[in-house]
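Here is the structure we will look at.
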Amino acid sequence: MAKEMIAMLLAGGQGSRLYALTQKLAKPAVPFGGKYRIIDFPLSNCVNSGIDTVGILTQYQPMVLNEYIGNGQPWDLDRLHGGVHVLPPYQKASGSDWYKGTANAIYQNISFIERYSPQYVIILSGDQICKQDYSDFLRFHKEKGAEFSVAVMEVPWDEASRFGLMVTDDNDKITEFQEKPKNPKSNLASMGIYIFNWDILKKYLIEDEADPNSENDFGNNIIPNLLRDGRNMYAYHFNGYWKDVGTISSLWEANMEVLDPEHSGINLFDEHWKIYSRNSGMTGHRIKPGAVVENSMITDGCQISGTVKHSILFAGVRVEEGAVVEDAVVMGGTVIKAGAVVQHCIVAENVVVGQNAVVGAMPSEGEKGVATVGSNVYIGDGAKIGPNAMVSDNVKGGEEQW
Amino acid sequence: MVNSNVDALGIIFPNSHDALVPELVGERLMASIPFASRYRIIDFMLSNMVNSGIGNVSIIVRKNYHSLMDHLGSGREWDLTRKNGGLNIVPPFAEKTVKVYSGRVEALASILDFLRYQKEKYVVMSDTDIAVNFDFSAMLKAHVASGADVTVAYTEEKLPESFLTDRQESKEFYYTLKLDGGRVKEMEINSKETGVTNFSMGIYIMEREFLIRQVSYAYTHGYVNFERDVLMAQLDALNVQAFCHKGYIAHITSLKSYFDENMKLLDEENLNGLFTPNPIYTKIRDDNPTRYINGAKVNNIMAADGCVIEGEVENSVLFRGVKIAKGAKVKNCVLMQDTVVEAGADIEYLVSDKNVTITAGKEVKGTDTFPVYVAKYQTV
């Protein structure tokens, strides 16, 4: 049975700019928004858009991600025909290769795609926070008679040179592609989400693979080649919430925006566009006598005795008496002990912040750093972690790190 | 053994004691009463069985079971979607000779054929009017070690207040045990004893073949009640042993006790008692985390995911998706799924069922001895 469109989700990225958070897991598996991981967004978008076949291309530290995806049941992607498939690089009769680039990752899985003989393939990125209806994107692609479409966002002109930009005519047809140019001719930034006609994609993947000088990358090779050949390429305007959470500060910021859906546009409370995730299975959270909770998101298993302001707490976080958590992202299973102060920072999973320890600081003039503590780190009593610190090893009691 | 499974199958009676909580079972049954912010009562027994290695569970439903079917689905959340065994829901008309069961003997008689073809040596039977973290494998071990025909689980505690004050005889039976060592010498129906007694949990273990024999005999002789007509009638002939459960237990015996048992979980010791050592599974609803908006004031609450809290909440248990608007005051309440408390409403000692709305500015107050109940989908 042929599928109209299947999705290929690029999830092999190391996310090296997230440092301590991605030491042991791939970027798409990084926790987000209180009970999700980044990959829940593209996966839920797929299901909500009617896409029931998703190939997930993994490479870097795939263990957590593999286990998290499992058989795909939380996203309703455990299907007889289709469903979710994790596709790591594998050994072939004639040698084996890591995925050399984004295009090569798809190239190595041509046989997977062919099993479903799709008309269209959508290429997704596993490191963005975005609620998007891919079926509307496909409608656009078909209406334009496109062979390739890319989702674009308007970005401020003064930031445009940080992005890959699409120059288009009045009919949204792409006439030029500029990768991080000094003098941008457009402010339409590529979101790294593409729809291809499968026959076209396959042709260009094979051609690209044969080119020994290619980096096997969509942005650097495939798209320029399509342009060179004058293919029908269109830019699909997306104006919803979209955030590349590739850096500590953007990840922190995106989490904080979840707390203010009225202004930021990232509404997780949308009955008609649910974001699915694997459940923690913990009991309802407890706000104990004497606790103060303001403007925060709190989920199952949390126990709050201290003060929590403008923060996101993941499953099973414990905030003891007298502790203060403010402007912070605190991931699952972490314990903030009595009297500790945790501000303007990201604390990863299963961390212990000792009594009266200090992590991060509220931003001040010239100092806006987001302190980061990696998973399973033990921060001793009275230790001090400065606002620019990136901690991935235990910190002894009383020690300071800046 | 290769895996940790025990050699027993489970049978659950989700309708037993329905009559004790007429308010809550208007459109459901005892088993599917929401409890402890994100669970249904049956989650406890099902999870206990699964955690003890029982992978073959039959649920013999009697009436009002749509909400239960909806909750259980294929049993996946409890790891009971299996090729062999798994979850087996038995509705009343599975056999044309039996209509709606009037007692457990009839209910069991309707699945005799099923029982005959199972491979497990033992049967574990339970009601669903208690929430407890119970180890069936320990009870089974004790049963085997004692050489008993039947083992019944009990707790040493005072009988629920409503049993002592209400006239329960016309509603449901409960049992207390008189013991000689570990052996049950006497069973009393609906005792009014005020001190600590041996209060039966309604959990039984026996060999499958034994159960089949007893039920066939009882059914052909027109007996109805398993405890009264089978067990109590043969206490001299049968070796009925008792197994004491020492851990935390919550009984749902009236609306008041439902309210109290929810409230008791605000105490950490009680919460830990109920949810350790083994996890309790439930249906997943994929709610977002609960959001506390500026102006929210909360003190001593338990809340599930999906709530939006802008008002004041104190000493309360909130189920999934409860909305409390600005200026609303909620004190000593149990608010079930998707209850909405609008701006300026002021409620106290109130149990709201699913999808209740308390409209703006309304004041509804019960007392600690008599909580107000608002039924499913009602608007105040």
Side-chain angles (χ1 to χ4, degrees), chain A residues 32-36 40 44 47 71 73-76 78 255 258-262 266-271 273-305 308-315 317-318 332, chain B residues 34-39 43 47 74 76-79 81 262 265-268 270-272 274-276 278-310 313-323 338:
Chain A
F32 179 83
K35 62 182 291 193
Y36 310 96
D40 289 331
S44 302
V47 174
N71 67 350
Q73 184 269 321
W75 304 270
D76 205 15
D78 51 336
N255 271 290
V258 166
L259 290 175
D260 187 18
E262 287 80 5
I266 176 78
N267 183 10
L268 300 180
F269 285 67
D270 188 347
E271 268 300 301
W273 206 268
K274 271 195 177 182
I275 304 301
Y276 301 97
S277 64
R278 203 171 274 282
N279 200 277
S280 71
M282 295 181 182
T283 58
H285 66 265
R286 290 272 296 109
I287 311 285
K288 301 210 179 160
V292 176
V293 179
E294 286 174 15
N295 202 10
S296 294
M297 296 240 299
I298 294 177
T299 189
D300 291 341
C302 289
Q303 295 193 27
I304 316 297
S305 304
V308 178
K309 289 182 180 172
H310 199 248
S311 293
I312 293 199
L313 271 49
F314 289 66
V317 168
R318 222 166 71 212
Chain B
F35 186 67
S37 86
R38 61 188 292 273
Y39 302 90
D43 292 339
S47 303
S74 63
R76 179 161 53 203
E77 272 94 354
W78 300 267
D79 199 20
T81 309
N262 271 292
L265 296 176
L266 292 176
D267 184 330
E268 191 171 341
N270 295 337
L271 190 68
N272 289 341
L274 188 52
F275 288 94
T276 52
N278 291 311
I280 306 299
Y281 312 105
T282 190
K283 188 184 176 186
I284 304 302
R285 223 180 78 154
D286 289 298
D287 286 286
N288 41 270
T290 282
R291 186 171 167 218
Y292 294 87
I293 300 180
N294 272 342
K297 258 177 85 178
V298 283
N299 187 13
N300 196 27
I301 67 165
M302 173 154 75
D305 273 357
C307 300
V308 179
I309 299 173
E310 287 185 81
V313 194
E314 199 181 334
N315 300 334
S316 295
V317 177
L318 311 183
F319 288 71
R320 297 191 262 210
V322 169
K323 311 268 183 295
D338 303 306

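Residue numbers start from 1 in every chain, and the chains themselves are labelled A, B, ... in the order their sequence lines are given, proteins ahead of strands.
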Self-check item: Heavy-atom contact with chain B under 4.5 Å, split by part of D78(A)
Solution: side chain

Practice problem: Flag the one option from G290(A), G281(A), G34(A), S305(A) with the top tally of heavy-atom pairs under 4.5 Å to chain B. | Solution: G281(A)

Quiz item: Which atoms of R320(B) come close to chain A, meaning under 4.5 Å heavy atom to heavy atom: side chain ones, backbone ones, both, or neither?
Solution: neither

Exercise. Give the minimum heavy-atom separation between R286(A) and I301(B), together with the two atoms involved.
Key: NH1-O, 2.7 Å

Quiz item: Checking heavy atoms, do the side chain of L271(B), its backbone, both or neither come under 4.5 Å from chain A?
Solution: side chain

Quiz item: If you tally heavy-atom pairs under 4.5 Å against chain A, which of A303(B), S37(B), G306(B), A304(B) wins?
Solution: A303(B)

Quiz item: Does the N299(B) side chain pair with the main chain of A291(A), one donor and one acceptor, at a distance under 3.5 Å?
Solution: no

Quiz prompt | Contact check, side chains of P289(B) and Y36(A), non-hydrogen atoms, under 4.5 Å | solution = yes

Quiz prompt | Among the listed options I304(A), I275(A), V293(A), the residue most often paired with chain B at heavy-atom distances under 4.5 Å | solution = V293(A)

Quiz item: Under the side-chain hydrogen bond (donor to acceptor under 3.5 Å, both in side chains) test, which residues partner E268(B), sequence neighbours left out?
Solution: K288(A)

Quiz prompt | Side chain, backbone, both or neither of I309(B) within contact of chain A (heavy atoms, under 4.5 Å) | solution = neither

Self-check item: Residue among D260(A), L268(A), T283(A) with most heavy-atom pairs under 4.5 Å to chain B
Solution: T283(A)

Quiz item: Does a side-chain heavy-atom distance below 4.5 Å link I287(A) with Y292(B)?
Solution: yes

Quiz item: Which answer fits Y39(B), side chain, backbone, both or neither, if we ask what part of it has an atom under 4.5 Å from a heavy atom of chain A?
Solution: side chain

Practice problem: Specify which of N294(B), L274(B), D305(B), I284(B) makes the most heavy-atom pairs with chain A at under 4.5 Å. | Solution: D305(B)

Practice problem: Tell me, out of Q73(A), H310(A), E294(A), who's got the most heavy-atom pairs with chain B below 4.5 Å. | Solution: Q73(A)

Quiz item: Of all residues at least two apart in sequence or in a different chain, which pass the ring pair (Phe, Tyr, Trp, His ring centres under 6.0 Å) check with Y281(B)?
Solution: none

Quiz item: If you look at every heavy atom in N288(B) and K35(A), which pair is closest and at what distance?
Solution: C-CD, 4.1 Å

Quiz item: Is it the backbone or the side chain of Q303(A) that comes under 4.5 Å from a heavy atom of chain B, or both, or neither?
Solution: side chain

Quiz item: Which answer fits R38(B), side chain, backbone, both or neither, if we ask what part of it has an atom under 4.5 Å from a heavy atom of chain A?
Solution: side chain

Self-check item: Under 4.5 Å from a heavy atom of chain B, the part of L259(A) involved
Solution: backbone

Quiz item: Most heavy-atom pairs under 4.5 angstrom with chain B, which of M297(A), H285(A), M282(A)?
Solution: H285(A)

Self-check item: Whether K274(A) side chain and R285(B) backbone form a donor-acceptor pair below 3.5 Å
Solution: yes

Self-check item: Expected output: side-chain R291(B) to main-chain N295(A) donor-acceptor under 3.5 Å
Solution: no

